[in-house]
Asks: 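Here it is: the structure, laid out below.
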Amino acid sequence: MTLPPPLPPVRASDLASWRGSAQLRFSRGDGPSGPTTHQGGATAPLKIQKAFARAEGRCELPLLHTAGGLVGGDELAIQAELAAGSRALVTSVAAQKIYGSIGRSRLAPQGRWARQDLGFRLAEGADLEWLPQELVVFAGGLFEQACRVELAAGASWLGAEVVRLGRSADGEQLGSGRWRSLLEIRREGRWAVADRLELGGESLEGGHGLAGLPVFGSLVWAAPRPFADELLEHCRADRAGLPGEMACGRLDQGLVARYRGPSSQAARFWFTRIWVRIRAEGGLAPPELPRVWPFQESPLLDLSGPLTPDHASLSG
Amino acid sequence: MASETRLHLLQLVSPALPVGAFSYSEGLEVLVQDGQLAGPDALRAWLEAELARGAITIEAASLNPLQAALGRWRDAVAQGDPAAAACSEAVLIDLDGWLLALREAPELRAQQRQMGRSLLQLLAELGWPLPGSDEAVPISRLGWPAAWAWAGLCLEIGLQELVEAYLYGWVANQVSAAVRLIPLGPTQGQRLQLGLATLLARRASELVDADPHQLWSGGVGAGLAQLRHAELYSRLFRS
């Protein structure tokens, strides 16, 4: 099945690219649960939306990408610094789209990469949850993300990302597009996590790679302290009722969970359930789902209704 | 290659090398129990995918910089230059830590650490302790690729041969695990190893000078299988 080529955002010229950035600084008010506030700014097409104050002083900050997607050559950079003891949740207002780049331009027929650079620096005892909405890479799209995290002692970083390769709800595949994700987490200068993942070409097929499935998800929690095996058992039980292959394991200090399957909603539901477990592990209040998330039904196990294998509402 | 060096290389890739490689399947046990690895063709496709774009390629490409850092460390210690020694050691520790951090499954990291420790212990007892360690007990924090690079330096094996042997040994160990798990006839196992020789040689020559920080891994299915090993009800292997 072939789709009409999507209309990317209007640009002044063939090679005009957008470079947007956001610089965020979070700091905590007085007291053990003093509210975390943020300073900083963003340049178009990134925009910082109104923050919400959540339990335990956590600052929930939605980022808006006003361009409606990335075309080849576009670059976004998001940097966040969290002062000691501050707590934040950063999410995105909508799913991100990567438009097809290969064969779209006479000047660069081989395509150009869209890039996103993320940098997070957490001081002692700081707590950041990086939970953007789904990424959809259209056929022929090229996307590379680099995410670098520096943690002080006792800092907690949770990141969960879900990518859909091709608008699979409409029968589209990634084609010659590629998705890359670099993740580097260090704690006090020592390596905690390193990922250099690339999906495209042959790795889209076969059990060694994505096995012909459209959705990949990764959750990584760099934990502030060791935890009991019970947490992993709970996370495994949380897979109940969700389609796809899901596995999790212990990092030297933390947790990794991976999803491969048909449904980005299933991946996000599982990660949301793990998020609930991680909050409880830290003795924190259960998360309230960000207002900008589009879930029609609760992702939580004890409340959720039956799941269908795919959801057009999330597929861009 | 001189005969003596060639014999050293054979000793290094021999299954008799006491590093416990035979106790690891690196996810194959999960695949076999799931029915995803039914015979020699599926195994061959799996091994070819890992050799083309798996984490093993990043490790193989790291042998060159690992050995360079180890060599500078050894020379600095021999020349009594503690500042240069500390600098080279820090480069080595960073690269080694990065390689371990690339493995998402705890059982894979435990494997790399145990095999690295065993090889360094053996080399120390044979008269090649890591630089700066007086006693025969080496620093045990290095993983398998770093220990392999140190073995190559001690036994004066060329880099190209060392990378080839790293990949060859990995394939041999995977085939040996598959012979027990699938099960595969020993002749089929040998045919598989033989059939991969051309690919192994080509990948070794491509990877020996490749920058590991520019390579990517497409093995998300391998990572999933390795993570799921901890959930198996009955296990023959430790990964």
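Proteins get letters first, then strands, A, B, ... in listed order; numbering begins at 1 in each. These values consider heavy atoms only, across backbone and side chains, with no hydrogens, waters or symmetry-generated copies.
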Asks: Contact part of A:Ala192 toward chain B, heavy-atom cut-off under 4.5 Å: side chain, backbone, both or neither?
Replies: backbone
Asks: Given heavy-atom pairs under 4.5 angstrom as the criterion, report whether the side chain, backbone, both or neither of A:Leu199 touches chain B.
Replies: side chain
Asks: Is it true that A:Glu198 and A:Arg178 make a salt bridge, defined as a side-chain N closer than 4.0 Å to a carboxylate O?
Replies: yes
Asks: Evaluate the ring planes of A:Phe120 and A:Trp157, with Trp represented by its six-membered ring, and classify them as parallel (under 30°), tilted (30 to 60°) or perpendicular (over 60°).
Replies: tilted
Asks: Using non-hydrogen atoms and a 4.5 Å limit, figure out which bit of B:Asp94 sits close to chain A: side chain, backbone, both or neither.
Replies: both
Asks: Are A:Arg196 and B:Ser217 close enough, and set up right, to give a side-chain hydrogen bond (donor to acceptor under 3.5 Å, both in side chains), and what steps lead you there?
Replies: CA-CA 6 Å; A:Arg196 292 190 59 83; B:Ser217 167; over 6 Å; no
Asks: So for A:Glu205, is it side chain, backbone, both, or neither that comes closer than 4.5 Å to the heavy atoms of chain B?
Replies: neither
Asks: How would you list, in number order, the residues of residues 24-32 of chain B that have a heavy atom less than 4.5 Å from chain A?
Replies: none
Asks: Check whether A:Arg186 gets within reach of chain B through its side chain, its backbone, both or neither, counting any heavy atom under 4.5 Å.
Replies: side chain
Asks: Any side-chain to backbone donor/acceptor pair from A:Asp195 onto A:Leu182? Under 3.5 Å, distance only.
Replies: no
Asks: Ring centres under 6.0 Å, that's the criterion: do A:Trp113 and A:Phe143 meet it?
Replies: no
Asks: Given heavy-atom pairs under 4.5 angstrom as the criterion, report whether the side chain, backbone, both or neither of B:Glu231 touches chain A.
Replies: side chain
Asks: Does B:Glu59 reach the main-chain N or O of B:Pro212 with its side chain, forming a donor-acceptor pair under 3.5 Å?
Replies: no
